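For reference, the structure discussed in these notes is given below.
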Amino acid sequence: MSQRQRFIGTRKYFRARFIIAAITCVAALSTFRTAQAESVARMWNEQLLEAIRNDFARPTVHARNLYHTSLAMYDAWAAYDNKAATFITNERPFTFFVQPAREEAISYAAYRILKARFASSPGAAETMPALDALMVDLGYDPDFEGTVGESPRAFGNRLAAQVLAFGFTDNANEFAGYANLVYQPVNPPILPDFPGNPDIIDFNRWQPIALDFAIDQSGNPIPGGTAPFLSPEWGIVTPFALTEDSLTIYQRDNFDWWVYHDPGDPPLLGGPGEDYYKWGFEMVAIWSGHLDANDPTEIDISPASLGNTGLPDPDDYEQYYDFFNGGDASMGHTVNPATGQPYPPNIVRRGDYARILAEFWADGPDSETPPGHWFTIANGVFDHPQFQRRFMGQGPLLSELEWDVKAYLALGGAMHDCAISAWGIKGWYDYLRPVSAIRYMADQGQSSHPNEPSYNPNGRGITLHPGYIEVVTSDSTMPGQRHEHLAGEEGKIAIKAWRGPDFITDPETDVAGAGWILAENWWPYQRPTFVSPPFAGYVSGHSTYSRAAAELMTLLTGSPFFPGGVGEFVCPVNEFLVFEDGPSETITLQWATYRDASDQTSLSRIWGGIHPPCDDLPGRVIGAKIGPAAFSKAFQAFEGIDLLGDVNCDDALTVADATTLVNVLLGTDTTQCHMAAADIDTNGFRDSRDIKKLVELLLQ
């Protein structure tokens, strides 16, 4: 494929993602709102999401931007409340006109933060005028920079200044453009345009990618064609709800590497977990063979068949994934709880479904990056005509503004903590991506049969799986045989996989399909100008972000289900896919619950060739801890309390009490202790039911 053809494919990607971004992420969550019905918090959140789409692809930085902006908007709201606690400001302005004061303070705070954070963005020429225009549309003077006095606009400017000052002290290295502090890769770059991976030094460590023509996921050219590791030291950034209880500090290169929710070592080739290393990366290669619209295999992707898997233990990977056929151990849902009726079947071709997932959840150009994607999903949920803004599904209806500032604070805090935890792990463990591992193992030959061709006794060769991963032989290259087109390559490893970008001349009309290719030429399902994200794989950021968001949305809304019992996104025939043409028919993605959507996100990264299972499952487990912890901290602020008390009965008041509180609310903790509440429901016992009763009283 020529450089011009790659550019055409990239341009197509931008255009398609712009169209996708222009509609809500969950198409069935229809918007029946007017501009007047949107809160100012929502308007500024939409401005931030659009600014992210036009910026560099930096999920860590943008998780922080989402959190800091949400923090400022929440504090601007809470400062005028007689109960809610604030985070940044200690001010409590007085006014008889609370609603307009809040809106003005929120607008000035958000405006100043976004103007500062995106001033040097590659999309600044679009972002800056859009921010100014919104201020004018709202009736505010964008030129007012005063910070003195009791006016809401001065208060908003002061609040923004406090958030921005905090940002220069939170260890994100914003002063230096978020540059890395000490990290240096141990491996030279892989050159995916050339066969194999002959230059890798440590086959358990991350490897940069060098391309003649490279762009990041937001469409910005990468100087020199090799992107540096993004945010390897991000573990030291000041978090929202992460605590020392989950922190491990390691030493390397005379630097303290902070790791929250440490999952331990990933599987290592030539070390502990070698079988899992091979199993996982080989599964990525095999699932790549599903990315073919001509594959007649059909599956039901309705909530009746997919989802409802629970949270698997990372050690149960062989029972959880379907190694050869793709997918997971889904149980599905018996009925739609909103209708009481079974979910109708949704039969599609697996080749279309797998390709759609790889692109829909990729969060590439004109997307908001994974943390922003979940804000888009949340906004779609909040717009659904059946959705009610009742905190945890209880109590009175909240105004759009109160709901939005509280939801954004909790979700922003969770996404920020996910970035800190996942990237702290990425930086410390420095684990490689599938394109490096698959090509390296194939270069070593096969490790299955000592008496057959291409066996390598060093044990680092790839495992053979007949029909999926094989050795090219003189018999298999005979006319009419499966490897006929590989004649002359006898002795090399072949994989039945997506054939890669070299088989696409025009992305508008061509499809690469799947077939037998040399493993040394294996590509993930990505554009040839990108290949894989520029940071280590372990653990998956997508899995961490998505599971945390799913848990938080479940707590925030009081239900694990999307409004109406199903969320949907329509992918039009031959219009949605942009790496190549497709899908071959119009397909509607469906999820019953937020957790189902999260699980689908995780699977998409395996089908897309970006993560093996060992990256995925620990990320889900970590996200399942971060989401509730962020909700707990936000809940305490909303109610103006530090802690309810010694909820877990360990004779100490710590953040663990807040975590126990959330577990009680989720129904996963029924311990007969919970000293905080006393016998509130007067049934003669002090137990988890008293905690629930206390929360009900607080929400009345």
Side-chain angles (χ1 to χ4, degrees), residues 38-52 62-81 84-95 97-119 121 127-128 130-170 172 174 238 240 372 375 399-413 415-416 634 637-638:
E38 285 187 340
S39 74
V40 292
R42 171 66 177 272
M43 295 178 190
W44 287 110
N45 178 256
E46 295 285 5
Q47 288 290 322
L48 171 53
L49 293 173
E50 187 61 24
I52 292 172
H62 293 313
R64 178 176 176 270
N65 285 330
L66 286 159
Y67 165 53
H68 284 185
T69 306
S70 298
L71 186 66
M73 293 195 298
Y74 168 78
D75 264 22
W77 179 91
Y80 293 95
D81 189 75
T86 57
F87 289 87
I88 294 292
T89 184
N90 291 320
E91 295 188 54
R92 291 286 178 174
F94 175 78
T95 179
F97 308 102
V98 173
Q99 183 71 7
R102 280 173 164 163
E103 292 178 347
E104 186 170 319
I106 285 171
S107 294
Y108 274 91
Y111 174 71
R112 292 290 167 215
I113 291 171
L114 298 185
K115 289 282 281 190
R117 289 284 170 82
F118 292 92
S121 167
T127 298
M128 297 297 113
L131 298 176
D132 294 341
L134 179 55
M135 285 292 280
V136 173
D137 288 346
L138 291 171
Y140 305 131
D141 178 6
D143 294 326
F144 177 79
E145 298 180 356
T147 58
V148 178
E150 297 300 316
S151 69
R153 61 181 183 172
F155 170 56
N157 283 343
R158 287 196 298 274
L159 183 54
Q162 287 178 285
V163 172
L164 292 171
F166 166 69
F168 284 120
T169 64
D170 71 346
E174 184 179 349
T238 303
F240 174 63
F375 270 80
S399 70
E400 285 84 356
L401 181 60
E402 180 175 357
W403 176 268
D404 287 345
V405 296
K406 289 181 173 180
Y408 293 160
L409 172 69
L411 184 56
M415 298 297 94
H416 179 58
F638 303 159

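Just so we're clear, the structure is a prediction, and the values are computed from it rather than from any experiment.
Side-chain N or O atoms of Arg92 include one that pairs as donor or acceptor with a backbone N or O of Asp81 at under 3.5 Å. Judged purely by atom type and a 3.5 angstrom limit, Arg158 uses its side chain to pair as donor or acceptor with the backbone of Gly149. When atom types are taken as modelled, the side chain of His416 and the backbone of Thr238 share a donor-acceptor pair closer than 3.5 angstrom. At distances below 3.5 Å, at least one donor-acceptor pair connects side-chain atoms of Arg64 with backbone N or O atoms of Gly167. Glu400 places no side-chain N or O within 3.5 Å of a backbone atom of Glu38 that could act as its donor or acceptor partner. In this structure, the side chain of Thr169 engages the main chain of Phe166 through a donor-acceptor pair within 3.5 Å.
The nearest pair of heavy atoms linking Ile106 to Ala76 is CG1-CB, 3.6 Å. Nearest heavy atoms, Asp132 versus Pro142: OD1-CB, 4.4 Å. The two residues Glu104 and Pro152 come nearest to each other via the heavy atoms CB-CB, 3.9 Å. Nearest heavy atoms, Ala154 versus Val148: CB-O, 3.7 Å. Closest approach of Ala85 and Ala78 over heavy atoms only: O-CB, 3.9 Å. The two residues Ala109 and Ala160 make their nearest non-hydrogen contact at O-CB, 3.5 Å.
Here the side chains of Gln47 and Tyr111 are not in contact, with every heavy-atom distance at 4.5 Å or above. Here the side chains of Trp44 and Ile113 are not in contact, with every heavy-atom distance at 4.5 Å or above.
A cation-pi arrangement is absent between Arg102 and Tyr80 under the rule of less than 6.0 angstrom and at most 45 degrees off the ring axis.
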Residue pair Leu409, Phe638: steps toward the side-chain contact (heavy atoms from CB on, under 4.5 Å) verdict: CA-CA 10 Å; Leu409 172 69; Phe638 303 159; 3.8 Å; yes
Check against side-chain contact (heavy atoms from CB on, under 4.5 Å), Glu91 and Leu159: CA-CA 9 Å; Glu91 295 188 54; Leu159 183 54; over 6 Å; no
Criterion side-chain contact (heavy atoms from CB on, under 4.5 Å) on Leu164 and Arg117, from CA distance to verdict: CA-CA 9 Å; Leu164 292 171; Arg117 289 284 170 82; 4.0 Å; yes
Audit row: Asp75, Val405, side-chain contact (heavy atoms from CB on, under 4.5 Å) steps and yes/no: CA-CA 9 Å; Asp75 264 22; Val405 296; over 6 Å; no
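One distance of note links CG of Leu48 with CZ of Phe118; it measures 5.0 Å at 0.5 Å rounding. Atom CG of Leu114 and atom CE of Met128 lie 8.0 Å apart (nearest 0.5 Å). The NE2 atom of His62 lies 15.0 Å from the CE atom of Met415; values are rounded to the nearest 0.5 Å. Going from atom NE2 of His68 over to atom CZ of Phe87 covers 12.0 Å, rounded to the nearest 0.5 Å. Note: Ser70 OG to Asp404 CG = 10.0 Å, rounded to the nearest 0.5 Å. Rounding to the nearest 0.5 angstrom, the gap separating the CG atom in Asn45 from the CG atom in Leu411 is 9.0 Å.
Heavy-atom neighbours of Gln99 CD from other residues, nucleotides or ligands within 6.0 Å: above the threshold of 12.
Ring pair Tyr108/Tyr140 is tilted by interplanar angle, where 30° to 60° counts as tilted.
Under the 6.0 Å cut-off for aromatic ring centres, Tyr74 and Tyr67 do not qualify, their centroids lying 6.0 Å or more apart.
For the side chain to side chain contact (heavy atoms under 4.5 Å, CB included) with Gln162, the qualifying choice from Asn157, Asn90, Ile88 is Ile88, the only one to do so.
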